[in-house]
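This report concerns only the one structure given below.
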Amino acid sequence: MTDPLTVITRRSLLAGGLALTLASSAHAATPVIRIGYQRYSTLVILKASGALEKALAGRANVVWSEFVAGPQLLQALVAGALDLGQTGDAPPVFASAASPDALVYVGHEPPAPLAEAILVPKNSSIRTLADLKGKRIALNRASNVHWFLLQVLHKAGLSFHDIKPAYLTPPSARSAFESGQIDAWAIWDPYLSSALSNSPCILTTAQDIVANREFFLARRGFAESQPDLLREALHQIAQTDDWAQAHKPEVSRLLATQTGLPYDTVYSAIKTRDFGYAPISAEIIREQQQVAEGFLKEGLLPSHVDIGSTVWK
């Protein structure tokens, strides 16, 4: 005969196990939006405000991850480790060429041509764009400055094959630049503003060369399975941009804290920059298609990319 105490104990364990399973399932069922950001972006401001967490309270959890540059961020997104991120113009083109169905464009920022430049040492013999021929130039592969540098070379009647590219992350590139291991450095803010503290020469900014526009990208699977969460995130991004455009001193203080740069350095860059979320338009699709075709023609992209098919509708 089975001991009654044993039966009660078994029933208690089974009930407790069932309760734990149900609780775990309920917890697992809570949606999560995983966002990748860089230190100098709208998403940093949104993260600091806590507005997205407040808007999604009780509906979803928000997880933030920092990345040194756009290509690395999109590698994580394509691998399924992120749901939403913000990068420059070139990273999504390279990511789409490698994984055509992995991401979708969900919005963009205004142009920021003064936020990227090609730097040379102050005693450099490089004085014109044509002087870049044969020089060793550092850049982050597949980043916004990759497209910028390509267009700079074309403006000088050169191609990518006329230089010696050194593919380095911004921290490594700065070390190489300051130690004289490279001749020039194509870089963007905040690394650009930081490097200017050592008084290098700006050979050229992106003004009148490329737009240098930032894009918001989402993992296609997330956009299709959680469209309401994505819409809320984009609404909060738009609200954040509206606030940032009207409060550039406050934005500069926040970014100075995030980057460790002096406030005056950050503010001098931010005051020339516009904030403002906008959905992807036909004009922007054409602009990005030109980026994709430019890289393909130069032999830097492995396959054709159809930008129109990667826009979230």
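Atoms considered below: every heavy atom in the structure, side chains included; atoms not considered: hydrogens, waters and symmetry mates.
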Strictly under 6.0 Å, is that where the ring centroids of Tyr40 and Tyr191 end up? no

Strictly below 4.0 Å, N to O, side chains only: are Arg213 and Glu109 in salt-bridge contact? no

Quick one: closest heavy-atom pair of Ala97 and Ser303, and the distance? O-OG, 3.4 Å

For Phe275, is the NZ or CZ atom of Arg273 found under 6.0 angstrom from the centre of its six-membered ring and inside 45 degrees of the ring axis? yes

Kindly work out whether a path of hydrophobic side-chain contacts (I/L/V/M/F/W/Y, heavy atoms less than 4.5 Å apart) joins Val106 to Val62. yes

Do NZ/NE/NH1/NH2 and the carboxylate oxygens of Glu178 and Arg174 come within less than 4.0 Å? yes

Just wondering, more than 12 heavy atoms not from Arg220 lying within 6.0 Å of its CZ? yes

What's the shortest heavy-atom distance between Ala166 and Ile182, and which atoms? CB-CG2, 4.2 Å

Measure the acute angle between the ring planes of His247 and Trp243, then classify it against the limits of 30° and 60° as parallel, tilted or perpendicular. parallel

Using a 4.5 Å cut-off on heavy atoms from C-beta on, say whether the side chain of Leu74 contacts that of Leu77. yes

Are Asp83 and Arg219 ion-paired here, with the side-chain N under 4.0 Å from a carboxylate O? yes

Start with the C-alpha distance between His235 and Tyr277, add both sets of side-chain angles, then the distance that settles side-chain contact (heavy atoms from CB on, under 4.5 Å), and finish with yes or no. CA-CA 9 Å; His235 173 69; Tyr277 168 85; over 6 Å; no

Heavy atoms, side chains only, cut-off 4.5 Å: are Val251 and Ile45 in contact? yes

Answer whether the closest heavy-atom distance between the side chains of Pro165 and Ile137 falls below 4.5 Å. no

Let me confirm one number: the CD-CG distance from Gln239 to Leu52, rounded to the nearest 0.5 Å. 12.0 Å

Residue pairs involving residues 192-211 (criterion salt bridge (charged side-chain N to carboxylate O under 4.0 Å, His left out); sequence neighbours excluded): none

Taking C-beta and beyond as the side chain, do Thr87 and Asn144 meet within less than 4.5 Å on heavy atoms? no

Do Tyr37 and Thr42 touch side chain to side chain, with heavy atoms closer than 4.5 Å? no

Gap separating the CG atom of Asp189 from the CD atom of Glu116, nearest 0.5 angstrom: 9.5 Å

Distance, nearest 0.5 Å, that separates CG of Leu153 from CD1 of Ile118: 7.0 Å

Please tell me whether Glu293 and His304 have a donor and an acceptor in their side chains that are separated by less than 3.5 angstrom. yes

What's the spacing between Leu254 CG and Lys47 NZ if we round to 0.5 Å? 9.5 Å

Evaluation steps, salt bridge (Lys or Arg N to Asp or Glu O under 4.0 Å), between Asp162 and Lys135: CA-CA 8 Å; Asp162 291 315; Lys135 297 299 190 291; over 6 Å; no

Less than 4.5 Å apart, any side-chain heavy atom of Pro91 and any of His146? no

Supply the atom-to-atom distance Leu132 CG to Asp183 CG, rounded to the nearest 0.5 angstrom. 9.0 Å

Centroid separation under 6.0 Å, is that true for the rings of Phe295 and Trp147? yes

Taking the side chain as everything from C-beta on, heavy atoms only, tell me whether Arg39 gets closer than 4.5 Å to Leu255. no

Please answer: with hydrophobic residues joined when any side-chain heavy atoms are less than 4.5 Å apart, are Leu196 and Val120 in the same cluster? yes

Are any non-hydrogen side-chain atoms of Val266 and Ser193 less than 4.5 angstrom apart? no

For the atom pair CD (Gln289) and CZ (Arg286), what is the distance rounded to the nearest 0.5 Å? 11.0 Å

